[in-house]
Amino acid sequence: MDKTILSRLQKLNQLSLSDKEEESVLAFFADREAECEALSAIDTEKVERMVHVLPILTVVREDKEIKTFTRDELQKGAPETEDGYWQVPRLVE
Amino acid sequence: MYLKELECSSPCVALDDLILTTNTPTTAGSKMLENYESLFEAEVVTRLKQAGYSVKGKINVGEFGVDLLGETSYFGAVVDGDNLVGATSKVMSDVDAVIGLDVNGEQRRSASLFSFCNLKPTYGTVSRYGTIPVVCSAETVSITGKCPNCVEKAYRAVVGHDDKDGTSHRVESLDKLDQAKEIKKVGVLTAFLDKADESVKDKVQKAIDMLKNNGVEVVEIEDETLLLAKNAWNILMSAELCNNLSRYDGIKYGYRTPNYKTIDELYTNSRSESFGEFIKHVILFGSETLSTENYMKVYDKALRVRRVMVEKFAELFQSVDAVLLPATSKSEYKIDEVKANKFIAFEENLFTAPASITGLPTVTVKGVQVVAPAFSDYKLLDLARKVR
């Protein structure tokens, strides 16, 4: 892990860190990398990955009409709206 | 502490701030959701009300529930003198139960420190509809009470299939809750005891003595495999958190920065100004584990280790009915110590990760944590009564 990779990660995750935070993240990553390395003690070559812990099947609901929210309700918590739309800065100059 | 207190005469609960309620903010302990009010309430809240419970208030959580004991909350840590204590300990005397989302073991730690009783149910037995998603493959609604009976009463109110939760067990699977085997023999995982301090070892010994006095056979198990559950858990937890928190962008709801000109600045500044330091670290680590370079080496490896842990528990349950381990390494956490070691939760996950990563039920009582096969929830509460 170095600052170049960290910079890429910040961009990917839409985060901007201060210099102090960057130093802290690098130290944090070093600890985590040591944890990842320790997992090599377990041989998993013939082990299947397990995404879900229990055999839960996909639940299918009946296809029937249910009450949903109106646009006004959904936009109640929005930081900025205009004429029923979510307001964002101009995307195309 | 963020707490809206209401008068109630019926049995009442406090909800942690990862559980959606209407007409009250649900903040997840984050500036990102400081004023967020949900349009609907969580299924557990609906079921509690149907069972006659009132919601007395909502309590503080660490940001998105992944820290040690709420120390990363935007609204401040809950302390008692020099000790970090978390919000549950402050409200337990006023309610019959505290209902929280066990994302990273906070409720189990709290129960362990203050001798409450906590049930982390089998994954999928309680609906997560209306809980703020953080680590979807593992988190469960958990119940903390002063005694096992209080916990069981609240659990019976919320357990059951829910069509609205895609990971909810079907009704026929939930029948297994009443068919689980009684816990007559408990294995103590000695490798975990070696990682705890003397005060915790004393609590474990006392719990063992109480179990023996009540006719439970207790044996020692020397196996170190489960110690590595923490390493895999920290990877999976971070990766899922990273994905789940990508939804917070300052557009549809939540915090929006006033400092932007472009859309990228809006996203980046909204997230950077509202997420706390701890969460930013976890997001970045989670993102790195999912990168092209690391996906197979790190994330995929952790998924395989998860299966190894599930199989290890299954092997242990061939010879014992449940296993016992501490929930924490110590009996108190000084706030200064936690401030100096900001990522202490990642270390303390040693004790909570085995049950988190496998989705197995646990009961934490009298400072110890007991893990049993899936659907042994009621049997764990029976065992908890023997420790009390």
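Numbers restart at 1 for each chain; the letters A, B, ... are given by sequence-line order, proteins then strands. Since this is a predicted model, take the numbers as computed values, not measurements.
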| task | Please look at B:Phe346 and chain A and tell me whether the side chain, the backbone, both or neither of the residue comes under 4.5 angstrom of a heavy atom of that chain. | result | both
| said: Counting only non-hydrogen atoms closer than 4.5 Å, does B:Ser291 touch chain A with its backbone (N, CA, C, O), its side chain (CB onward), both, or neither? | reply: side chain
| task | Identify which part of B:Val305 has an atom lying under 4.5 Å from any heavy atom of chain A, answering side chain, backbone, both or neither. | result | both
| query | Which atoms of B:Glu288 come close to chain A, meaning under 4.5 Å heavy atom to heavy atom: side chain ones, backbone ones, both, or neither? | reply | both
| request: Indicate yes or no: does A:Asp72 engage A:Lys76 in a salt bridge with an N to O separation below 4.0 Å. | output: no
| If only atom types and distance count, is the side chain of B:Ser168 paired as donor or acceptor with the main-chain N or O of B:Asp162 below 3.5 Å? | yes
| query | Quick one: what part of B:Glu293 sits under 4.5 Å from any heavy atom of chain A, side chain, backbone, both or neither? | reply | side chain
| message | Tell me which of these, B:His281, B:Arg256, B:Glu273, has more heavy-atom pairs under 4.5 Å with chain A than the rest. | response | B:His281
| task | May I ask you to decide if B:Leu303's main-chain N or O and B:Asp300's side chain share a donor-acceptor pair within less than 3.5 Å? | result | no
| said: Could you check whether B:Lys301 pairs with A:Glu45 (Lys NZ or Arg NE/NH1/NH2 to Asp/Glu carboxylate O, under 4.0 Å)? | reply: no
| field | Any side-chain donor near an acceptor of the partner, B:Asn104 and B:Asn349, under 3.5 Å | value | yes
| query | When heavy-atom pairs shorter than 4.5 Å are enumerated against chain B, which of A:Val88, A:Ile42, A:Leu39 gives the highest number? | reply | A:Leu39
| said: Shorter than 4.5 Å, heavy atoms on both sides: which option in A:Glu33, A:Arg8, A:Glu37 has the most such pairs with chain B? | reply: A:Arg8
| task | Measure distances from B:Leu266 to the heavy atoms of chain A and classify the residue's part below 4.5 Å as side chain, backbone, both or neither. | result | side chain
| message | Whether the side chain of A:Thr81 engages the backbone of A:Gly84 through a donor-acceptor N/O pair (distance < 3.5 Å, no angle test) should be reported. | response | no
| Which portion of B:Thr122 sits near chain A, non-hydrogen atoms under 4.5 angstrom | side chain
| task | Select one option (side chain, backbone, both, neither) describing which atoms of B:Ser137 are under 4.5 Å from chain A's heavy atoms. | result | both
| said: Checking the side chain of B:Asn231 only, and the main-chain atoms of A:Cys36 only, is there a donor and an acceptor separated by less than 3.5 Å? | reply: no
| For the side chain of B:Thr125 and the backbone of B:Pro121, is there at least one donor-acceptor N/O pair under 3.5 Å apart? | no
| query | Can any side-chain N or O of B:Ser376 pair as donor or acceptor with the backbone N or O of B:Ala372 at less than 3.5 Å? | reply | no
| Option that, when pairs with chain B are counted at under 4.5 Å, heavy atom only, ranks first among A:Arg90, A:Lys11, A:Glu73, A:Gln75 | A:Glu73
| task | Name the region of B:Lys261, side chain, backbone, both or neither, that has any atom closer than 4.5 Å to a heavy atom of chain A. | result | backbone
| note | Taking a cut-off of under 4.5 angstrom between non-hydrogen atoms, the residues of residues 13-20 of chain A near chain B are A:Asn13, A:Gln14, A:Leu15, A:Ser16, A:Leu17
| task | Taking heavy atoms only and a threshold strictly under 4.5 Å, list by residue number the residues of residues 234-249 of chain B that touch chain A; give 'none' if the list is empty. | result | B:Asn234, B:Ile235, B:Cys242
| note | chain A shares the most heavy-atom pairs under 4.5 Å, among B:Phe275, B:Phe285, B:Tyr260, with B:Phe285
| task | Let me know if B:Tyr36 has heavy atoms under 4.5 Å from chain A in its side chain, its backbone, both or neither. | result | neither
| said: Can you list everything that forms a salt bridge (charged side-chain N to carboxylate O under 4.0 Å, His left out) with B:Arg307? Sequence neighbours excluded, please. | reply: none
| task | Would you check if there is a donor-acceptor pair between the side chains of B:Thr27 and B:Glu34 at a distance under 3.5 Å? | result | no
| Just by distance, with hydrogens left out, do B:Asn269 and B:Thr257 show a side-chain donor and acceptor under 3.5 Å apart? | no
| Checking B:Thr72 side chain against B:Glu63 main chain: does a donor-acceptor pair fall under 3.5 Å? | yes
| request: May I ask you to check if B:Lys164 and B:Tyr129 form a cation-pi contact, with NZ or CZ under 6.0 angstrom from the six-membered ring centre and within 45° of the axis? | output: yes
| field | Carboxylate-amine/guanidinium contact B:Lys280 B:Glu277, below 4.0 Å | value | no
| remark: Under 4.5 Å to a heavy atom of chain B? For A:Ile5 that would be side chain
| request: Among B:Ser272, B:Ala374, B:Cys136, B:Ser38, single out the residue with the greatest number of heavy-atom pairs under 4.5 Å to chain A. | output: B:Ser272
| query | Is it the side chain or the backbone of A:Leu91 that comes within 4.5 Å of chain B heavy atoms, both, or neither? | reply | side chain
| said: Strictly by ring-ring contact (aromatic ring centres under 6.0 Å, His included), give each pair with a member in residues 61-93 of chain A just once, sequence neighbours left out. | reply: none
| message | For B:Asp264, is there any backbone N or O sitting under 3.5 Å from a side-chain donor or acceptor partner on B:Thr268? | response | yes
| field | Charged N-O contact under 4.0 Å between B:Arg304 and A:Glu48 | value | no
